[in-house]
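Below is one structure, written out as structure tokens; comments come after it.
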Amino acid sequence: MTSDVDLVRNDDELARKAEHAFTEQFGTAPEGVWAAPGRVNVIGEHTDYNDGYVLPVALPHTTRAAVGRRTDGRIALASLQGDGEVVELAIADLAPGRPGGWAGYPAGVVEGLRDRLAGGVSVLVDTDVPVGAGLSSSAALTCSVALALSDLVAPELTRNDLVDLARRSENDFVGAPTGTLDQSASLLCTAGHALFLDTREQRTEQVPLDLATAGLQLLVVDTGTSHTHADGGYGDRRRECEEAAARLGVPALRDVPDVAALAALDDGGDGVLLRRARHIVTENARVLEVVGILRSGEDPRAIGPVLTAGHVSLRDDFQISTVELDACVDAAVAAGAHGARMVGGGFGGSAVLLVDRDRADAVADAVRARFASEGYAAPRTFDVVPAAGARRIA
Ligand code: GLA
């Protein structure tokens, strides 16, 4: 059994559940229900805020937002995953950090459109995107609400505008200094494809990713160790990258052509900035290599070693892996995975493995056995078929 997670993947059923819960909560039916997925990144980690390349796929797991406008000038936010408490305040009182916690993410999106929402808005969310697992539960939340609000009050906004609206909620309202990877994946991915995104120009290409025909499977392993971006490590890495770019005299590390060009970097002698920059330069090259393999029609198993090299770079140069993620990657590759790497911001969360379908159970078992022998909590695993991006479901 490679999948430990039960999922309802029927949009109609999920829409009815959210509509019903909204009506129970607010005493009136919502105007609609919108769904936005989490993502798993195939390759291209921490490149997004360096103007680089990424290659995510959307998960089948989504967050649903049931939304209805009000007339009393208030915002009310409810979640089926929370403790049942409704967060409510005047639209006029929205400010960065107010409200805090999970409610800050949708509130930040509302804040971005507050001129259009003077009458107020009620939002009820329901999700099956694993939270804190490096799978972009926060983008699923902001993007479901962003799409809902644009359909209701700002139809002129493009999907790229919504990427920006959702990112601003995280950056400016919640205070998490992310790039655009997660929001782009949630809003722009299409079923059966990976999204090749050049974050400098927000230029995209849908790259067909039919692993099943090749007898392959993408397996996600959620280590259950949590991460959060609003504090420490992520922001440090971002600042280090900006410092390295500044010392090299380039607008962003994206502009460094190759590793040889890093010889010009004065890293103060401790090697830290060199390591950070080397990860970004080699990671951008890995994204292009993987895209090249997938476009060429050659056996997609060839991307496996590139993924594993990406993990080594995140572990040794970017230094954001954990013992659990390293154990997962080691055990998976030893058990026959073609490639394996940690995904997302780091310091915990999930890994993605590329495995032959007929080896998937054996690889998942090997990872579980390694976790048990190391005394780590049992991981959750599920397989991923590239799913659709954000959409209206009712
Ligand atoms: C988090 C951020 C993204 C990106 C990844 C690392 O998911 O939200 O913007 O930087 O980490 O690739």
Side-chain angles (χ1 to χ4, degrees), residues 36-59 61 63 104-105 108-109 129-143 146 163-189 194-200 202 220 222 225-242 245 252-254 276 279-284 286-287 290 307 310-311 313-315 317-322 325 341-352:
R39 60 99 187 95
V40 62
N41 199 11
V42 176
I43 190 80
E45 224 63 90
H46 287 261
T47 44
D48 61 350
Y49 56 80
N50 289 292
D51 278 3
Y53 307 113
V54 295
L55 188 72
V57 298
L59 295 179
H61 310 62
T63 292
Y105 294 86
V109 178
V129 182
V131 173
L135 300 173
S136 292
S137 58
S138 52
L141 178 53
T142 53
C143 294
V163 167
D164 202 48
L165 177 67
R167 181 194 56 75
R168 279 189 279 121
S169 170
E170 289 216 35
N171 292 178
D172 304 340
F173 200 90
V174 176
T178 68
T180 56
L181 162 65
D182 309 338
Q183 301 81 2
S184 301
S186 190
L187 284 156
L188 304 174
C189 277
L195 177 79
F196 174 37
L197 171 68
D198 178 341
T199 62
R200 168 161 280 169
Q202 199 63 17
V220 170
D222 174 3
T225 54
S226 72
H227 75 112
T228 165
H229 293 157
D231 56 37
Y234 185 94
D236 291 344
R237 293 301 178 280
R238 189 168 178 151
R239 276 188 297 280
E240 287 160 354
C241 288
E242 284 162 3
L253 288 178
R254 148 72 177 276
R276 305 300 184 250
H279 167 71
I280 301 302
V281 172
T282 57
E283 186 79 346
N284 276 324
R286 280 184 288 272
V287 177
V290 167
L307 304 194
H311 182 79
S313 179
L314 288 165
R315 184 191 67 198
D317 275 349
F318 224 58
Q319 298 180 298
I320 59 170
S321 188
T322 63
L325 289 164
R341 55 180 291 276
M342 56 149 285
V343 294
F347 308 103
S350 299
V352 63

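Whatever order the structure lists ligands and atoms in, that order sets their numbers, starting from 1.
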Heteroatom proximity flag, [X] to ligand 1, N/O under 3.5 Å:
X	result
Gly344	no
Tyr49	no
Thr180	no
Tyr234	yes
Asp182	yes
Asn41	no

Ligand 1 contacted by Ser136 (non-hydrogen, < 4.0 Å):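 Ser136: no contact with ligand 1 (<4.0 Å).
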Ligand 1 contacted by Arg39 (non-hydrogen, < 4.0 Å): yes
Polar side chain donor-acceptor pair, Thr180 to Arg167, under 3.5 angstrom: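 Their side chains do not contain a donor-acceptor pair, so the 3.5 Å distance test is not met.
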Side-chain H-bond candidate by donor/acceptor type, Gln183 with Thr142, under 3.5 Å: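 No donor-acceptor contact under 3.5 Å links the two side chains.
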Short list, please: which atoms of ligand 1 are under 4.0 Å from a heavy atom of [X]?
X	answer
Leu181	4 (C), 5 (C), 12 (O)
Asp48	3 (C), 4 (C), 9 (O), 10 (O)
Gly179	9 (O)

Option passing side-chain contact (heavy atoms from CB on, under 4.5 Å) with Ile43 (candidates Leu307, Val54, Asn284): Leu307
Contacts of Asn50 that satisfy side chain to side chain contact (heavy atoms under 4.5 Å, CB included) - sequence neighbours left out: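 With sequence neighbours excluded, Asn50 shows a side chain to side chain contact (heavy atoms under 4.5 Å, CB included) to Cys241, Leu253, Ile280, given in chain and number order.
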Kindly say whether [Y] contributes a backbone atom to a donor-acceptor pair with the side chain of [X] at under 3.5 angstrom?
X	Y	value
Ser186	Gly38	no
Arg341	Val42	yes
Arg238	Pro177	yes

Set of salt bridge (Lys or Arg N to Asp or Glu O under 4.0 Å) partners for Asp236, sequence neighbours left out: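 Scan of Asp236 (salt bridge (Lys or Arg N to Asp or Glu O under 4.0 Å), adjacent residues dropped) gives Arg239.
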